Amino acid sequence: MKTLVCVKRVVDYNVKIQVKADQSGVDVDNVKMSINPFDEIALEEAISQREKGVFKEVVVVTVGLSIAEDVLRKALAMGADKAILIQVDDLELLEPLLVAKILAKLQEEEGFDCVIMGKQAIDDDCNQTGQMLSGLLQWSQATFASKIEYGHGGFTVTREVDGGLETIFVKTPCVITTDLRLNTPRYIALPNILRAKTKPLIIRNVTDYGVDLVPKLETLKVENPPVRQPGKKYHDVQSFIKALDDDGVLR
Ligand code: AMP
């Protein structure tokens, strides 16, 4: 089987986000960018399933600016066999429905048996692309996967749901979205970084896919969360209780 893994280039999760002065978005100039953490988990899963013999080929794709080639090189160094960069000139185009439509077209061209992707991108926290792709392709979907096992023509997937774990069986072809506890992505050794330079990286343009490129969402403004008020210290229980009472907490 052949699988597609979707990776998005996002601000590294260790970076403190700065909102632009004009509130039009988040400042990404000179900021460390990385593979979306859930996508790294998706890639680790695809590679380890290939090592178990489930997949023959792991193809990684990103829809993004030309600079997003850096995350694809990292994915190749981790162990993907081939990478596809679908280039856009404007990050505004990267809304879930548009990305899902492009991925659906790519699937038509390449014929994958499975698409593994993150449950959400940590920049927009949409948690929509996988579900939309599954709808467009009319494929089975298993979201929030924390365990994946192949057998009997499909995957048995344990899903993280409110209040516990749910185990379902999805036939291939299917879309699987990954949760945090699925695995720990591998460390990339230096020889693999060098080897990745010789692996195929195909560059296409978003206009090659015949998808309507008019954004459906408009960002009105982006704001910082309210500043957290400093804590207060009380030196005895009575003054603490009085403060709670004054704040109306005890009524
Ligand atoms: P979202 O619905 O935006 O939270 O994204 C969910 C998942 O869709 C991500 O974890 C990625 O695996 C995939 N995805 C979203 N945007 C892109 C993109 N521009 N390129 C490749 N994959 C993407």
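Source: prediction; values computed, not measured. All ligand and atom numbering here is 1-based and tracks the order in the structure.
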Engineer: Is the closest side-chain heavy-atom distance between Leu43 and Pro185 below 4.5 Å?
Structural biologist: no
Engineer: For a side chain to side chain contact (heavy atoms under 4.5 Å, CB included) check, start with the C-alpha distance between Val115 and Leu103, then their side-chain angles and the critical distance, and finish with the verdict.
Structural biologist: CA-CA 9 Å; Val115 179; Leu103 295 173; 5.7 Å; no
Engineer: Arg9 and side-chain contact (heavy atoms from CB on, under 4.5 Å): which partner among Ile67, Asp123, Ile35?
Structural biologist: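 Of the listed options, the one satisfying the test is Ile67.
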Engineer: Do the side chains of Asp70 and Lys74 get close enough for a salt bridge, i.e. N-O under 4.0 angstrom?
Structural biologist: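 No, Asp70 and Lys74 are not salt-bridged.
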Engineer: If you count only heavy atoms, which residues are under 4.0 Å from ligand 1?
Structural biologist: Cys6, Val7, Lys8, Asn36, Asp39, Val61, Thr62, Val63, Leu94, Val99, Met117, Gly118, Gln120, Ala121, Asp124, Cys126, Asn127, Gln128, Thr129
Engineer: Return yes when atom CD of Glu51 has more than 12 non-hydrogen atoms of other residues, nucleotides or ligands closer than 6.0 Å, and no otherwise.
Structural biologist: yes
Engineer: Stepwise, does the side chain to side chain contact (heavy atoms under 4.5 Å, CB included) test hold for Ile84 with Glu110?
Structural biologist: CA-CA 11 Å; Ile84 304 172; Glu110 296 260 342; 3.9 Å; yes
